[in-house]
Amino acid sequence: MPKMKIDGIEIEVPAGISVLQACEMAGIEIPRFCYHERLSIAGNCRMCLVEQEKAPKPIASCAMPVMEGMVIHTNTPMVKKARNGVMEFLLINHPLDCPICDQGGECDLQDQAMAYGYDRSRFHENKRAVPDKELGPLVKTSMNRCIQCTRCVRFATEVAGIEDLGATGRGEQMEITTYVQRTLTSELSGNIVDLCPVGALTSKPYAFNARPWELRKTQSIDVMDALGSNIRIDTRGREVMRVLPRINEDINEEWIADKTRHAIDGLKRQRLDRPYVRRNGKLQPVDWTEAFDVIATRLKDVAGAKIAAIVGDQCDAEAMLALKDLMAALGSSAVECRQDGAQLDASVRGAYLFNAGIAGIDRADAILLVGANPRWEAPVLNARIRKRYLAGKVRIGLIGEVPMDLTYPVERLGHGPSALDDVAEGRLAFLDALKGAKNPMIILGQGALCRPDGAAVLARTRVLAESVNAVRDDWNGFCVLHTAAARVAALDLGLVTPGGIEGVFAGCEKGDIEVVYLLAADEFDMKRLGKAFVIYQGHHGDAGAHRADVVLPGAAYAEKPGIYANTEGRIQLARRAGFPPGEAREDWAILRALSAVLGKKLPYDSLDQLRQRLVQANPVFAALDRQEAGAWGTFGTPGAMGDAPFRSPIANYYMTCPISRASQTMAACTAVRQAQQQALAAE
């Protein structure tokens with residue numbers, strides 16, 4: 001490890017890092033615009049200049065590797081003059097938009113101009129004008145402010161994997177633009193707003209809505225997919241104004257998907273804010289007492305075996321446990337979480353976890369995707385696979401129908417179960433890649449499990465993983481990629497029935513099940529419930545509420561504290577950022593109140609007591625922010641597999657839940673994507 005001096009302090013630093021990183025290790029802040037820890041080095045803003053002894057001029061610290069015996073000065077008159085000069089040049093063409101710029105208060109240029117700039121300009125010529133670009137419904141441009149740091153270009157190319165952005169022209173005519181004048185086609189495009197240091201790229205849905213000092217900031221967890229991305233929810237009053245990423249190296253690094261960031265306007269639309277009861281074929285508003293009385297009257301003479309419950313994809317663990325306890329008190333064990341029909345085995349925890357962990361992708365040297373489309377099912381995880389591909393020495397195979405580019409090259413091995421057999425039996429050479437890998441990884445998607453032969457596919461994949469040494473003491477490369485944020489916690493709580501969701505539907509159609517309790521469950525054909533009496537508890541007027549006989553208004557994910565388990569089984573805590581509208585209440589509290597009316601009072605009166613019960617139900621819920629290894633065993637049901645290809649259950653990335661379906665921003669994204677697809681088809 002090289003030894004060097006920085007401002008008179010002798011330190012030892014890792015070989016290969018830059019001078020800028022070494023300065024930060026020494027506790028010295030270096031200003032920068034183009035440099036970013038997760039992007040390649042550009043070295044084009046020159047704001048990070050420092051003085052190196054025996055060097056004829058200041059050096060760009062972001063692009064200079066450390067060397068043995070190097071002596072660096074960061075606070076000399078030469079450095080101050082150089083930074084002042086760079087700042088003066090950066091401000092030559094920058095407009096004085098601070099009062100009307102959405103970046104105001106969070107602008108790197110604004111902050112560094114105060115610290116390193118002059119109090120006046122010597123430039124009196126006209127500033128250049130650059131036309132704004134149309135990048136789609138999510139990113140608003142004001143290209144007059146652009147300082148050509150190229151962070152957005154590097155993010156789009158390196159992380160998102162779309163080569164749509166670039167620089168044209170030279171010198172003063174240089175512009176950041178799209179090559180073919182089209183909108184961005186990435187599910188991660190909103191991150192370039194966070195990366196832009198000057199306000200040239202801002203959030204279009206959030207434009208002119210609030211200033212950062214007006215907002216209350218709450219650390220929480222995303223539920224738009226099963227990744228459990230760490231987020232910050234900014235609210236003003238009850239309204240959620242924006243969602244930003246939080247850094248978590250093990251999960252989402254510092255990126256979030258566009259749906260996570262921009263579907264929040266759906267929280268304001270089509271909300272359930274009061275109880276309803278169906279009378280004469282129409283839902284009529286009532287108070288809580290009357291709604292509970294209607295439920296109690298209907299359940300009075302119904303046997304427990306004739307009651308079933310289905311939980312949705314965004315439920316918190318506390319509400320799901322309260323529902324399970326209430327059903328048990330009523331004499332029913334039919335509580336099902338697999339509303340999409342996934343043939344998941346809840347008896348062995350390793351059977352339904354992303355066992356290697358999301359960060360484990362960085363260690364994998366051969367990856368097989370089975371029935372998964374990670375670009376739509378978990379865009380941030382897909383970016384992590386791309387990051388692993390860019391690091392080199394990894395082969396990626398795909399079994400299934402994925403119509404779009406995954407942003408990294410894959411070996412398309414086939415479309416369905418026959419290709420899985422071909423790999424497992426050595427008829428395809430990719431088996432040698434898995435066997436020859438030190439850390440092979442098999443990612444099993446819901447497209448392979450949400451089908452009648454899903455249990456057989458699960459068993460076949462388990463056998464394949466064991467045969468290629470993907471499951472051992474120091475590594476478990478068998479990884480299930482979920483699409484539902486609530487699924488892993490529900491499986492941890494045992495919310496499965498022997499016949500699965502089809503058994504519940506069959507009971508409803510035969511009349512064996514007379515009452516169905518839907519806890520924010522909307523993702524199936526409501527006609528399958530037959531003539532059953534339906535109680536719907538949720539936050540949006542979606543499919544479940546339209547079918548319901550009684551509607552109980554609950555809270556959305558941003559309006560309640562809750563525990564979630566992500567696809568790797570990591571237990572995470574979401575916090576309340578606002579309050580639900582009208583008479584809506586937290587889900588566990590509704591179930592607790594209903595239990596008292598039904599004469600089956602649940603044994604907890606507070607959220608803390610319920611969480612104690614949660615840990616009693618499964619000790620894994622005590623391990624907050626840790627990935628607990630799942631037990632391994634025999635799971636799945638060996639048998640014949642069908643011929644149908646594996647298809648992702650997500651047909652439209654932008655609309656997968658009641659919140660995103662109610663979002664006007666997601667509707668605009670859907671329209672743009674459809675127009676692009678039609679244009680490509682026409683070509």
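We number each residue from 1, following the sequence as shown. Note: hydrogens, waters and symmetry copies are ignored here, and every other heavy atom, side chains too, is used.
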Can you find a side-chain donor-acceptor pair between Glu336 and Thr497 that sits under 3.5 Å?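 Judged by distance alone, the side chains do pair up.
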
Taking the basic N atoms (NZ, or NE/NH1/NH2) and the acidic carboxylate oxygens, is any pair closer than 4.0 Å for [X] and [Y]?
| X | Y | result |
| --- | --- | --- |
| Arg585 | Asp587 | no |
| Glu187 | Arg673 | yes |
| Asp234 | Lys217 | no |
| Asp340 | Arg487 | yes |
| Glu628 | Arg570 | no |

Can you tell me if [X] uses its side chain to pair, donor with acceptor, with the backbone of [Y] under 3.5 Å?
| X | Y | result |
| --- | --- | --- |
| Tyr653 | Lys259 | yes |
| Glu377 | Asn373 | yes |
| Asp522 | Gly544 | yes |

Contact check, side chains of [X] and [Y], non-hydrogen atoms, under 4.5 Å:
| X | Y | value |
| --- | --- | --- |
| Asp549 | Ile535 | no |
| Pro374 | Leu406 | yes |
| Val515 | Lys306 | no |

Tell me, with the steps shown, if Asn382 and Trp376 meet side-chain contact (heavy atoms from CB on, under 4.5 Å). CA-CA 8 Å; Asn382 192 65; Trp376 278 6; over 6 Å; no

Any pair counted as side-chain hydrogen bond (donor to acceptor under 3.5 Å, both in side chains), so long as it reaches residues 612-623, sequence neighbours left out: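 Those involving residues 612-623 are Asp325-Arg613.
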
What class does the angle between the rings of Trp632 and Phe478 fall in, given that below 30° is parallel, 30 to 60° is tilted and above 60° is perpendicular?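 If you compare the ring of Trp632 with that of Phe478, the planes turn out perpendicular.
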
